[in-house]
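The structure presented is a predicted model; accordingly, all values stated were derived computationally and were not measured. The analysis underlying the following values was restricted to heavy atoms, covering all of them including side chains, and did not include hydrogens, waters or symmetry mates.
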Amino acid sequence: MGDKVQKQIKIVVAGPYAAGKTQFINTVSEIETVKTEAKTTKSGEKEVKSHTTVAMDFGKITIDDEHVLYLFGTPGQSRFDFMWDILGKGMLGLVVLVDSTDPSTFHEARKIINFFESRYPAPFVVGCNKQDLESAWDPEDIRTALDLDEDVKVLPLVALDKDSVKNVLLALLEEIAKYI
Amino acid sequence: MAIAGNLEVFNFIDIFQILKKDKKDGILVVENEDKKFAVYFKEGNILYIREVVKVFHIYLDVEFEQVLEKDGVSKEDLYRVLVAKLPLLLAVKKGKFSFTPGFIRYPPYIEPIIPIEKIIMYLSRQLTPEEVERKISDLNLIFEKSENWRLIAEKAHLTDVERKILDYIDGERTVKQIMEEAKVKQLTLQRALYGFLATGLITRKKKVKRKIGFNLTKNLLRKIVERIKGL
């Protein structure tokens, strides 16, 4: 008795396989990110990383006594897209991550944007991860590759860097502010 | 910043779309086990294609006129050489690509002869079902014509079917509706839409109203912003 039930606010972090979603959440979460990972078995995936998210990852940021912000990371592979549907419901906004060094993931990111835009058209921003690497594409070129208008924020990102992740989240909140 | 990758997952249409958008000048290098091409771009259009034995040969000449002189090509021959080399380049489906912006200096009197929009549409007619799925993955997508679509359509040399499809794009009809009303096959429509997007003829329809799945007040949003800033 007396314990307040905290209201849960949800931001979804989506993106292709190995775009850095788990790292993005981990960098700002106040708890260690809760992971639902399995060993990667598919050819072409196991060479990239040994474990992959199969249901969702989540991290937590307490806002006040009444509110908690959850960051939910979706599984990257489209064979788990039923989870995108579950996570999209009731979200405040969406962060779509791409691996700036791997243009093969740009098309996958476009498909993910198509999916959420047709079902849960919440405000969204795109984070171009791995911008610290030499082979990273310029965010403006990634914008063109994703067929995104000038009014969509396409931001440079290094998911290992807290300030960089904060910058992407604040940009999303700025977008959200336009709709309240 | 790089523009580099693999042709199997990022095809010529995708590359040309990016180079055209910002009217980039520079050299696109395409290489596989058999061939190495240097594709010279001026303002996002292909000006010249040259085959080389070693990639570093490309970077020996900064002046475009020197390149032509070495290859024994006159200004008058540019069109003929381009038309002869273009099918060889576009037949390459596997291999690496990388674009070096700038680097080459073009004389002002040399202008691109074949609009890139025409090449993009030509390539879009050969896209596989797997390729079109990358961009036209949902039959509920809605597109609208861009502001300067008439000018682009002129450069793109559309077929009668593509012109018909373009007529149906109005910012209201979904891909599925266009397919039914225009009575075109799904793959034909997806190929045309892929090409239209890459040329800039059409854009995805903007969402006018977005939905937030939480009853958010300005005060709560301010708290969230402050909390994130303080992390």
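- A side-chain donor-acceptor contact under 3.5 Å links A/K166 to the backbone of B/L231.
- In this structure the side chain of B/D22 reaches within 4.5 angstrom of the side chain of A/D141, judged on heavy atoms.
- Between B/R227 and A/E30 there is a side-chain heavy-atom pair separated by less than 4.5 Å.
- Only the side chain of A/D151 comes within contact range of chain B, with at least one heavy atom under 4.5 Å from a heavy atom of that chain.
- From B/E133, atom CD reaches atom NZ of A/K111 across 6.0 Å, with rounding to the nearest 0.5 Å.
- For A/E117, the parts lying near chain B are the backbone and the side chain together; criterion is any non-hydrogen pair under 4.5 Å.
- A distance-only check finds no donor-acceptor pair linking the side chain of A/R110 to the backbone of B/R134 [under 3.5 Å].
- Rounded to the nearest 0.5 angstrom, B/I228 CD1 and A/K162 NZ are separated by 10.5 Å.
- Only the side chain of A/F106 comes within contact range of chain B, with heavy atoms under 4.5 Å apart.
- Heavy-atom neighbours of B/E154 CD from other residues, nucleotides or ligands within 6.0 Å: at or below the threshold of 12.
- Heavy atoms closer than 4.5 Å to chain A are found in both the backbone and the side chain of B/I18.
- Both the backbone and the side chain of B/I212 come within less than 4.5 Å of a heavy atom of chain A.
- The two residues A/P103 and B/G5 have their closest heavy-atom pair at CG-CA, 3.9 Å.
- By the 4.5 Å heavy-atom criterion applied to side chains, B/L220 and A/I9 are counted as neighbours.
- Under the 4.0 Å criterion applied to side-chain N and carboxylate O atoms, B/K21 and A/E150 are assigned as salt-bridge partners.
- With a 4.5 angstrom heavy-atom cutoff, B/T217 touches chain A only via backbone atoms.
- Top candidate by heavy-atom pairs under 4.5 Å with chain A, chosen from B/T203, B/V9, B/N140, B/N6, is B/V9.
- No other option in A/G93, A/G90, A/A177 has as many heavy-atom pairs under 4.5 Å with chain B as A/G90.
- For A/D64, the part lying under 4.5 angstrom from a heavy atom of chain B is the side chain only.
- With a 4.5 Å cut-off on non-hydrogen atoms, B/K229 touches chain A through its backbone and its side chain both.
- Other residues, nucleotides and ligands contribute only 12 or fewer heavy atoms inside 6.0 Å of the NZ atom of B/K118.
- Scanning all heavy atoms of the two residues, the minimum distance from B/F10 to A/A145 falls at CZ-CB, 3.9 Å.
- Annotation: the span from B/D138 atom CG to A/I113 atom CD1 amounts to 13.0 Å, rounded to 0.5 Å.
- In this structure, the separation between CG on A/D147 and CD on B/Q17 is 5.0 Å, given to the nearest 0.5 Å.
- One distance of note links CG of A/L92 with CG of B/N215; it measures 11.0 Å at 0.5 Å rounding.
- For B/K93, the NZ atom is densely surrounded, since the number of other residues' heavy atoms within 6.0 Å is greater than 12.
- Residues A/N114 and B/R204 have side chains in contact (heavy-atom distance under 4.5 Å, counting atoms from C-beta outward).
- Highest contact tally toward chain A, considering only B/L141, B/L19, B/I136, is held by B/L141 [criterion: heavy-atom pairs under 4.5 Å].
- Counting heavy-atom pairs closer than 4.5 Å to chain B, the top residue among A/V152, A/D149, A/L169 is A/D149.
- Among the candidates B/K218, B/E8, B/K209, the residue making the largest number of heavy-atom pairs closer than 4.5 Å to chain A is B/K218.
- Proximity to chain B is limited to the side chain of A/L69, based on heavy atoms less than 4.5 angstrom apart.
- Contact annotation: the side chain of A/L170 approaches that of B/V225 to within less than 4.5 Å [non-hydrogen atoms, C-beta and beyond].
- Atom OG of A/S104 and atom CG of B/D14 lie 11.5 Å apart (nearest 0.5 Å).
- In this structure, B/F214 and A/H67 have perpendicular ring planes: the angle between them is above 60°, well past the 30° mark.
- Between B/A2 and A/E134, the closest heavy-atom pair is CB-O, 4.2 Å.
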